[in-house]
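FYI, the numbering just counts along the sequence from 1. As a basis for the values below, the full set of heavy atoms in this structure was taken, side chains included, without hydrogen atoms, waters or symmetry mates.
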Amino acid sequence: MSDVIRLLPDSVANQIAAGEVIQRPASVIKELVENSIDAGATSVTIILKDAGRTLIQVIDNGCGMSDTDARMAFERHATSKIAKADDLFTLHTMGFRGEALASIAAIAHVELRTMLKDASIGCRLVINGSRVECQEPEACVPGSNLMVKNLFFNVPARRKFLKKDTVEMSAIMREFERLALVNTAVDFTLISNDVTLHSLRRGPMKQRICELFGKNLDKQLLPIETDTSIVSINGFVGLPANARKRNPLQYFMVNGRNMRHPYFHKAVMQCYDKLIPADEQPNYFINLRVDPETIDVNIHPTKNEIKFENEQAIWQILTAAIRDSLGRYNAGPAIDFDVEDAPEIPVFSPDVTASHDVLVDERYNPFAEPGPAPADWTGRLPASAYTPRPRPSFQSRPAILNDWEKLYDEFLNKRDEGFSAMAESSFNAGVPVASALTPSDKAPDELADLPVEESAGGAIQLRNTYIITPTRDGLMVIDQHRAHVRILYDNYLSMISGQEFVGQATMFPDVVELSPSQNAVLTDLAPRLAELGFILTHQTATVWSIDGIPSVIKDASPRDLLLDMIERVTETGEEPGSTLRDRVALSLAKSSAIGRGRPLSQNEMDRLVSDLLRLPSPALTPDGKSVFTIIPADKIARILG
């Protein structure tokens with residue numbers, strides 16, 4: 001048998017590496033800007049065309065490169081950052097693998113102009129698909145100017161799977177925000193399709209935060225700072241009152257590098273426990289400074305995941321710093337010791353007998369007609385009104401107590417009758433409504449694939465809110481309101497598919513301030529939203545006014561609806577029309593569904609259960625709430641012993 005193992009050509013190896021390092025245009029920007037920072041640049045300009053598909057250009061004033069270095073920089077594993085393996089544990093640069101430029105050159109047309117600061121002439125280098133086409137001297141300014149054109153031109157499958165420009169641009173904005181946030185000593189400019197989206201000047205961290213995410217954050221952030229032998233921590237955390245349900249601003253940085261760290265995120269969330277609702281999250285911008293020898297950044301191609309040697313110790317220091325800041329600035333709950341206007345509490349005296357008797361005027365009738373005022377009426381009560389009336393004797397109280405006992409007896413009798421009727425109904429249920437339900441260890445959505453048998457009165461109603469029906473393996477408890485919402489949603493969604501919406505002006509416009517990334521998405525979506533019935537006014541750079549909404553929307557918040565559509569378009573590339581129709585169908589279903597507390601007849605309960613279990617996904621409402629739960633028979637047996 002002949003030899004089968006062979007060495008891959010450099011062009012193929014570079015394309016494989018590109019699959020790990022370069023997933024989308026935002027990845028190219030990350031790698032190129034980090035190279036500029038490592039080169040000592042204090043000013044970086046990013047120019048884009050078509051969200052990076054056509055052009056990504058990064059211009060910096062760094063140290064530049066010689067002719068030889070410019071050519072070597074595009075070779076795989078060629079780097080100036082490290083020389084030996086031990087250097088991986090003393091890293092002070094963003095890059096170190098030497099794969100980024102080789103990977104980019106393998107999947108794009110690349111043109112580089114660069115010159116050393118003390119040189120009189122620079123060089124121009126052109127590479128297409130890992131093949132060097134031209135290298136020649138050229139007059140240029142000190143630093144580097146690198147253009148990446150036609151990304152994935154030779155990998156059509158990868159280019160095909162790029163999302164819409166709005167989605168890719170949103171990803172670029174998020175990457176730009178991370179880069180600008182961690183490098184506050186660098187001027188950044190971002191230009192997209194000849195429009196300047198950002199022009200940031202170097203300054204303190206808080207200034208950069210406000211420039212990126214809005215000036216309203218200035219008074220919403222609390223500083224944190226601590227310095228120990230293990231870690232130095234500085235940055236800002238948000239006030240509990242400004243926690244967000246969606247799109248929280250949460251950034252971790254270590255040694256000038258962005259990172260994701262679920263363990264430290266959990267530490268931050270623990271500090272806000274019981275200060276914010278469970279469905280909200282705080283903003284935070286936290287920078288850690290540790291000894292490079294105590295972290296490992298070489299565990300993921302994008303270098304965003306970092307392993308710490310002293311994770312548990314840093315957890316404790318981080319939580320202590322955040323709690324100290326929340327307490328010092330009175331962000332946490334506190335006891336109010338202000339006694340002004342407080343009721344006077346008498347001092348306890350052991351010699352005084354406490355009296356719990358209540359003075360009651362048995363002759364007072366609140367429904368009696370007031371008599372005529374005396375002729376000498378002066379507006380004051382006669383002196384006799386101030387004469388204390390005798391207290392009712394204790395002998396008069398048993399009659400009242402007896403009345404309450406009689407009322408309670410009637411309640412007990414009715415309760416017992418209800419229990420008896422419930423037990424008899426359950427006992428007489430010959431065939432269950434949904435007798436083909438699976439055991440409780442199966443996924444709820446699998447229930448829709450099982451046959452449903454019609455019932456002869458097997459369901460009962462509990463508190464006019466829940467429908468209880470027996471199954472082969474236990475009891476199914478259904479929330480009647482959510483079940484009806486789930487049923488109506490599918491009906492309404494099919495009815496409004498393809499329907500055009502008409503805009504209706506609102507009485508009070510809703511003003512929304514967006515982040516730059518959200519603003520970029522909304523700017524692109526605005527014409528489509530206008531067709532759907534939204535009336536939007538672009539007031540300032542990132543502030544929009546919602547002056548009108550589709551007339552079919554009744555109870556939904558215009559602000560929440562708009563932010564939800566931006567978020568879904570950003571994450572999935574989904575058309576805003578489909579998002580709007582989902583929200584309209586859900587709003588109509590919620591407003592039309594039977595409410596909790598409404599009694600249902602036997603036929604209504606049977607019909608509701610039957611319609612629910614015919615749906616393809618009966619377990620959850622469209623907004624993700626549970627419709628029913630199953631109590632297994634063995635659990636009931638354990639409870640009853």
Side-chain angles (χ1 to χ4, degrees), residues 278 407-448 450-491 586 588-641:
L407 178 62
Y408 190 67
D409 287 340
E410 293 179 0
F411 167 75
L412 291 176
N413 293 335
K414 291 183 179 179
R415 185 194 65 176
D416 294 340
E417 291 174 3
F419 284 156
S420 299
M422 183 182 297
E424 182 179 356
S425 175
S426 300
F427 181 78
N428 292 332
V431 182
V433 173
S435 61
L437 293 178
T438 60
S440 59
D441 58 343
K442 291 191 177 182
D445 284 348
E446 297 177 13
L447 300 176
L450 298 171
V452 179
E453 298 181 9
E454 294 299 329
S455 166
I460 61 173
Q461 195 178 24
L462 175 63
R463 294 185 177 178
N464 294 335
T465 299
Y466 305 103
I467 298 173
I468 302 176
T469 181
T471 72
R472 275 198 310 239
D473 302 286
L475 290 176
M476 173 185 255
V477 182
I478 304 172
D479 185 311
Q480 66 185 38
H481 174 71
R482 292 180 181 175
H484 204 201
V485 168
R486 176 69 260 185
I487 295 167
L488 293 177
Y489 171 80
D490 290 351
N491 295 336
L586 180 58
L588 292 173
K590 285 185 175 180
S591 61
S592 304
I594 57 175
R596 296 181 179 88
R598 174 184 162 183
L600 302 178
S601 67
Q602 189 65 57
N603 290 336
E604 288 175 328
M605 288 187 287
D606 293 346
R607 176 66 181 273
L608 189 68
V609 174
S610 179
D611 289 347
L612 175 68
L613 296 178
R614 287 194 180 97
L615 297 177
S617 301
L620 299 174
T621 61
D623 50 351
K625 297 177 181 178
S626 296
V627 174
F628 60 81
T629 186
I630 297 177
I631 306 175
D634 56 351
K635 184 174 182 179
I636 298 175
R638 286 197 303 271
I639 294 174
L640 297 177

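The shortest heavy-atom contact between Leu612 and Pro618 is O-CB, 3.3 Å. Contact between Leu600 and Met605 at its shortest, heavy atoms only, is CB-CG, 3.8 Å. The two atoms that bring Ala589 and Val485 nearest to each other are CB-O, 3.7 Å, heavy atoms only.
Here the OG-CG distance, from Ser610 to Asn603, works out to 12.0 Å after rounding to the nearest 0.5 Å. Ile478 CD1 to His484 NE2: the interatomic distance, rounded to the nearest 0.5 Å, is 13.0 Å. Between Leu475 atom CG and Ile631 atom CD1 the span is 6.0 Å, to the nearest 0.5 Å.
Applying the side chain to side chain contact (heavy atoms under 4.5 Å, CB included) criterion to Arg607, with sequence neighbours excluded, gives Asp611. Listed by chain and number, the residues in a side chain to side chain donor-acceptor pair (under 3.5 Å) with Tyr466 amount to none (sequence neighbours excluded). Evaluation of the side chain to side chain donor-acceptor pair (under 3.5 Å) rule for Asn491 yields no partner, not counting sequence neighbours.
Residues Val627 and Asp479 fail the side-chain proximity criterion, which asks for heavy atoms closer than 4.5 Å. At a threshold of 4.5 Å between non-hydrogen side-chain atoms, the residues His481 and Thr465 do not count as touching. No side-chain heavy atom of Arg598 sits under 4.5 Å from any side-chain heavy atom of Gln461. Met476 has its side chain within reach of Leu613: a pair of non-hydrogen atoms, C-beta onward, lies under 4.5 Å apart. When side chains are defined from C-beta on, Leu608 counts as touching Ile594, because their heavy atoms get closer than 4.5 Å.
Look at Lys590 and Asp623 and you find a salt bridge, because one of the NZ, NE, NH1 or NH2 atoms lies within 4.0 Å of a carboxylate O, short of that distance.
For Arg486 (side chain) and Leu620 (main-chain N/O), a donor-acceptor pair under 3.5 Å exists by modelled atom type. Without hydrogens or angle criteria, Gln602 side chain to Ala459 main chain gives a donor-acceptor distance under 3.5 Å.
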